[in-house]
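Encoded as structure tokens, the structure appears first; notes follow it.
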Amino acid sequence: RFTTGRGGLVKAVVETAKAQGEIYLHGAHVTHFAPSGQAPVLWVSEQSWYEPTKPIRGGIPICFPWFGGHPSAPSQPSHGTARITTWEVTAVEAAADDGVAISLQNAIHPFQVTYRVEFGTELQLTLTVELPDTAPSPARYEEALHTYLAIGDIHQTRIEGLESTAYIDKVAGGDRQPASGEAIRFSGELDRVYLNTSGACRIFDPLAQREIRISKSGSQSTVVWNPWIGKSDKMPDFGAQEWTGMVCVETANVGDNAVEIAPGSAHTMTAKIQLQ
Ligand code: TA6
């Protein structure tokens, strides 16, 4: 079944033999993924906006064509325009594991962007960016699938897979830190951009008794973020105490890993989110 909701919110209710659940797309923004019999994998704030010109606080917003603040125009929206513009649904088709795949496209100058969300017993996201051959020169962009995962308790959560990767610590003013050599644990706001890493991450959630694995291709950066109480209290679209039940693990190409493509070429980034 495929129904269209308000404000560009598209709700895909997947009723198939193996993978019963729902995904919602707000402008190509998956906000819900719950394989049959499982608690939701993605987190969305109870206080989120659902307005076409505002990003949803949760799910998997697409950050594109820049990450964070605009490099030269501070008045531009945080994390680019992809997550606050309307995308055209170009296909809804059967996929593996009796799942469904939804394809969308958007033109974000000077790029043509296509996005495919494949919902089965796992969630597969494919973002392809093309630069038309009519473009006068190569073009550079940043991208991130800003994935908000639902977890039982951030205090007990640990993330493995990034121990041997240097990172930029945005809480420490953007200092570059060497690889930590240990799993990520949380005891305060954590906002890190891991660079030059193509490996998978595993998110261990003891309270919910589950492990989520995120593998990727075409991505060199991984962003990990929890705002903790101080930062989340300052965000009107973030409910009180919600910070304990979420963590962002983002498949990305940002900063030194930004992508540059020539006219007539394309680049694809994929992420696969699996419950172990
Ligand atoms: O991905 C982490 C981050 O860049 C944080 O620094 C924080 O700003 C977060 O994204 C949320 O950004 P937003 O613009 O959605 O409020």
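Trp228 and Val171 fall into different hydrophobic clusters, defined by Ile, Leu, Val, Met, Phe, Trp and Tyr side-chain heavy atoms under 4.5 Å apart, directly or through other members. Both Val129 and Val117 belong to a common hydrophobic cluster when Ile, Leu, Val, Met, Phe, Trp and Tyr are linked at side-chain heavy-atom distances under 4.5 angstrom. In the hydrophobic cluster analysis, where Ile, Leu, Val, Met, Phe, Trp and Tyr join through side-chain heavy atoms closer than 4.5 angstrom, Met246 is grouped together with Leu123.
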Return all side-chain donor-acceptor pairs below 3.5 angstrom for residues 144-153, not counting sequence neighbours, or 'none' if the list is empty.
unit_1, atom_1, unit_2, atom_2, d
His146, NE2, Glu250, OE2, 3.4
Thr147, OG1, Leu145, O, 3.0
Tyr148, OH, Arg57, NH1, 2.7
Asp153, OD1, His155, N, 3.0
Asp153, OD1, His155, ND1, 2.7
Asp153, OD2, Gln156, NE2, 3.2

Working for side chain to side chain donor-acceptor pair (under 3.5 Å), residues Glu130 and Gln112: CA-CA 5 Å; Glu130 293 178 68; Gln112 286 292 333; over 6 Å; no
Trp49/Phe238 under ring pair (Phe, Tyr, Trp, His ring centres under 6.0 Å): CA gap, chis, key distance, verdict: CA-CA 10 Å; Trp49 292 300; Phe238 217 114; over 10 Å; no
Check against salt bridge (Lys or Arg N to Asp or Glu O under 4.0 Å), Arg116 and Glu118: CA-CA 6 Å; Arg116 173 181 162 92; Glu118 185 168 328; 2.9 Å; yes
side-chain contact (heavy atoms from CB on, under 4.5 Å) between Ile62 and Tyr115, worked out: CA-CA 10 Å; Ile62 300 173; Tyr115 186 47; 3.6 Å; yes
side-chain contact (heavy atoms from CB on, under 4.5 Å) assessment of Ile184 paired with Leu162: CA-CA 8 Å; Ile184 301 169; Leu162 295 164; 3.9 Å; yes
Check against side-chain contact (heavy atoms from CB on, under 4.5 Å), Asp237 and Ser45: CA-CA 7 Å; Asp237 59 340; Ser45 170; 5.6 Å; no
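Of all heavy-atom pairs spanning Gln220 and Ser198, the tightest one is NE2-CB, 4.2 Å. Closest approach of Trp87 and Leu127 over heavy atoms only: CH2-CD1, 4.4 Å.
Residue Glu46 places its CD atom among 12 or fewer non-hydrogen atoms of other residues, nucleotides or ligands, all under 6.0 Å distant. More than 12 non-hydrogen atoms from other residues, nucleotides or ligands lie less than 6.0 angstrom from CD of Gln276.
A side-chain donor from one of Thr85 and Asn106 sits under 3.5 Å from a side-chain acceptor of the other. A side-chain donor from one of Thr270 and Ser217 sits under 3.5 Å from a side-chain acceptor of the other. No donor-acceptor contact under 3.5 angstrom links the side chains of Asp169 and Gln177, judged on distance only. Checking Thr197 against Thr222 by side-chain atom types alone, no donor-acceptor pair falls below 3.5 Å.
By the 4.0 Å N-to-carboxylate-O rule, Arg176 lies close enough to Asp256 to be salt-bridged with it. With respect to Arg185 and Glu160, no salt bridge is recorded, no charged nitrogen being found less than 4.0 Å from a carboxylate O.
Screening residues 163-183 for ring pair (Phe, Tyr, Trp, His ring centres under 6.0 Å), with sequence neighbours left out, gives Tyr167-Tyr194.
Atom CG of Asp233 and atom CD of Glu242 lie 11.0 Å apart (nearest 0.5 Å).
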